[in-house]
Amino acid sequence: MTKLAVLGASGGIGQPLSLLLKLSPQLTELSLYDIRLAKGVATDLSHINTNVKVQGYDKDELADALKDTDLVVIPAGIPRKPGMTRDDLFKINAGIIRTLAEGVASYAPNALVLVISNPVNSTVPIFKEVLSKRGVFNPRKLFGITTLDLVRARTFLNGFETSGSFQKFDEIHVIGGHSGNTIVPVLSTASKTYSKIAAKDRDALIHRVQFGGDEVVKAKDGAGSATLSMAYSAYIFIERLLKAINGSSDEVIEDTFIYLDNSILGASEVRRVFPKVDFISLPIKLGKRGVESIDTSILKKLDHNEEKLLNIAVKELNINIAKGVNFVKNSS
Ligand code: NAD
Ligand code: LMR
């Protein structure tokens, strides 16, 4: 029995993500919550003949929506319009995330929490601060979803192939955070492919992964940001996490944004390299408890340029993290 709640289920990401989750072979119940339309979305999905039971909840029903949930996924909040940075979303989304974190602390304190809402570099710290204040923070159970960056890296790197056939590139990673310069694609590890790419094309490829979100925002021309590719990315992360939790897959390693708690194997090694950073996306070994350990070997595999990019990323990341932490600390 595995119950998952989607908070922000009626939105551009929430709807396709809920559809994919309705098809999941690993879930038994889906709880859809939004400030609008969640009951409609749930009724619609409930007509699909899969084994996942779906229930919708209105604005004032957060407690019921979260009751007995094992996982909570959060795509609630406003998306970007052309000309905006993810940080510009902070003003509105910080308050939404704080409210939802209070709800999780009260009604689902033991659930795994996956935050999609931007700016991820700040919303995850907000979530952690609220849970810590309420005495229910478990560093093994809070994740910022950065999978879309990896999906983009796999897709764009594939575009440089002339063979035309799709390759999976399991050996590449995207680390750091989830916005512009904080996104650090580690592509040099795909040595056979990468070495064939000319230096100027490599720079363009890295830039495209870092700013892939802008491409979608521009193409949607004011109607929002990535929704379908994001729903896909969240779904593949959730499926992998569920496999790890249920022990049905040997080794599950996923790039995801976590809090560097000293109790997590590898955290102190990361802190030795970056003493000031509290949250970062790195390859994380997932298991029955959620986060099992950090695969720090990646830090030794970076080429010179990737190392330079990571140093730039961490500086900006620290500012984004502090903004989220202070938002909760300075609010009553
Ligand atoms: P959207 O506006 O289409 O949907 C957001 C939904 O959140 C709406 O249905 C809205 O009613 C709901 N909502 C607002 N306040 C709420 C609250 N207090 N409780 C519950 N629901 C609430 O936006 P979208 O395109 O689905 O994007 C959602 C968020 O995800 C944005 O912040 C966007 O920037 C972010 N995003 C993150 C990634 C990533 O890689 N992590 C990728 C794409 C988008
Ligand atoms: C993305 O990477 O597509 C998302 O973070 C949405 C955005 O604002 O670009």
Side-chain angles (χ1 to χ4, degrees), residues 5-19 31-42 56-63 65-66 72-104 114-124 126-127 143-153 155-156 174 176-180 182-183 185 208-220 222-238 255-257 281 320:
V6 182
L7 311 184
S10 312
I13 297 166
Q15 290 204 38
L17 176 57
S18 300
L19 170 62
S31 172
L32 305 186
Y33 172 82
D34 201 299
I35 53 172
R36 52 177 275 278
L37 204 63
K39 287 198 169 154
V41 174
Y57 297 92
D58 286 334
K59 189 176 180 202
D60 55 352
E61 296 178 318
L62 184 59
L66 288 171
V72 181
V73 185
I74 308 177
I78 58 161
R80 285 199 286 161
K81 287 189 185 332
M84 290 172 86
T85 65
R86 291 180 185 80
D87 190 52
D88 293 334
L89 304 173
F90 186 94
K91 235 179 173 166
I92 292 177
N93 289 355
I96 293 174
I97 286 298
R98 183 179 52 193
T99 305
L100 295 175
E102 290 287 357
V104 169
L114 284 59
V115 180
I116 293 173
S117 319
N118 271 317
V120 167
N121 296 354
S122 305
T123 51
V124 178
I126 291 174
F127 222 98
F143 306 85
I145 303 299
T146 57
T147 316
L148 178 54
D149 302 317
L150 183 62
V151 167
R152 284 186 178 131
T155 307
F156 301 159
V174 181
H178 178 68
S179 71
T182 71
I183 298 171
R208 191 166 179 216
V209 175
Q210 290 184 310
F211 294 89
D214 295 15
E215 267 183 39
V216 184
V217 170
K218 192 166 169 243
K220 289 199 174 176
S225 55
T227 54
L228 303 173
S229 51
M230 180 60 234
Y232 166 78
S233 303
Y235 179 69
I236 59 169
F237 180 82
I238 292 165
D255 299 345
T256 177
F257 190 77
S281 184
N320 298 157

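Atoms within a ligand are numbered from 1 in the order they appear, just like the ligands themselves. Note that these values count all heavy atoms, side chains included, but never hydrogens, waters or copies made by symmetry. Bear in mind the structure is a predicted one, so any value in this text is a computation, not a measurement.
- Separation of atoms CZ (Phe257) and CG (Asn121) is listed at 4.5 Å; rounding is to 0.5 Å.
- Nearest heavy-atom pair across Val174 and Ala153 is CG2-CB, 3.8 Å.
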Let me see the working for Asp88 and Arg80 under salt bridge (charged side-chain N to carboxylate O under 4.0 Å, His left out), right down to the final yes or no.
CA-CA 8 Å; Asp88 293 334; Arg80 285 199 286 161; over 6 Å; no
Do any nitrogen or oxygen atoms of ligand 1 lie under 3.5 Å from a protein nitrogen or oxygen, and which ones?
unit_1   : atom_1 : unit_2 : atom_2 : d
ligand 1 : 3 (O)  : Gly12  : N      : 2.7
ligand 1 : 7 (O)  : Gly77  : N      : 3.3
ligand 1 : 9 (O)  : Gly11  : N      : 3.2
ligand 1 : 9 (O)  : Asp34  : OD1    : 3.4
ligand 1 : 9 (O)  : Asp34  : OD2    : 2.8
ligand 1 : 9 (O)  : Arg36  : NH1    : 3.4
ligand 1 : 11 (O) : Asp34  : OD1    : 2.6
ligand 1 : 26 (O) : Gly12  : N      : 3.3
ligand 1 : 26 (O) : Ile13  : N      : 2.9
ligand 1 : 32 (O) : Ile78  : O      : 2.8
ligand 1 : 32 (O) : Asn93  : ND2    : 3.2
ligand 1 : 32 (O) : Asn118 : N      : 3.2
ligand 1 : 34 (O) : Asn118 : ND2    : 2.9
ligand 1 : 36 (N) : Asn118 : ND2    : 3.3
ligand 1 : 40 (O) : His178 : NE2    : 3.0
ligand 1 : 41 (N) : Ile116 : O      : 3.0
ligand 1 : 41 (N) : Ile145 : O      : 3.1

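- For the pair Leu7 and Leu66, the minimum side-chain heavy-atom distance is below 4.5 Å.
- Other residues, nucleotides and ligands place more than 12 heavy atoms under 6.0 Å from the CZ atom of Phe211.
- How far CD1 of Ile97 is from CG of Leu89: 11.5 Å, rounded to the nearest 0.5 Å.
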Working for salt bridge (charged side-chain N to carboxylate O under 4.0 Å, His left out), residues Glu61 and Lys39
CA-CA 11 Å; Glu61 296 178 318; Lys39 287 198 169 154; 3.2 Å; yes
May I have a table of the N/O to N/O pairs between ligand 2 and the protein that fall below 3.5 Å, each row giving the two atom names and the distance to 0.1 Å?
unit_1   : atom_1 : unit_2 : atom_2 : d
ligand 2 : 2 (O)  : Arg86  : NH2    : 2.8
ligand 2 : 2 (O)  : Arg152 : NH1    : 2.9
ligand 2 : 2 (O)  : His178 : NE2    : 3.3
ligand 2 : 3 (O)  : Arg152 : NH1    : 3.4
ligand 2 : 3 (O)  : Arg152 : NH2    : 2.7
ligand 2 : 5 (O)  : Arg86  : NE     : 2.8
ligand 2 : 5 (O)  : Arg86  : NH2    : 3.4
ligand 2 : 5 (O)  : Asn118 : ND2    : 2.8
ligand 2 : 5 (O)  : His178 : NE2    : 2.6
ligand 2 : 8 (O)  : Arg80  : NE     : 2.6
ligand 2 : 8 (O)  : Arg80  : NH2    : 3.4
ligand 2 : 9 (O)  : Arg80  : NE     : 3.4
ligand 2 : 9 (O)  : Arg80  : NH2    : 2.6
ligand 2 : 9 (O)  : Arg86  : NH2    : 3.3

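- Using a 4.5 Å heavy-atom threshold, the side chains of Asn118 and Thr123 count as separate.
- The CD1 atom of Ile145 sits 10.0 Å away from atom CD1 of Ile74, with the distance rounded to the nearest 0.5 Å.
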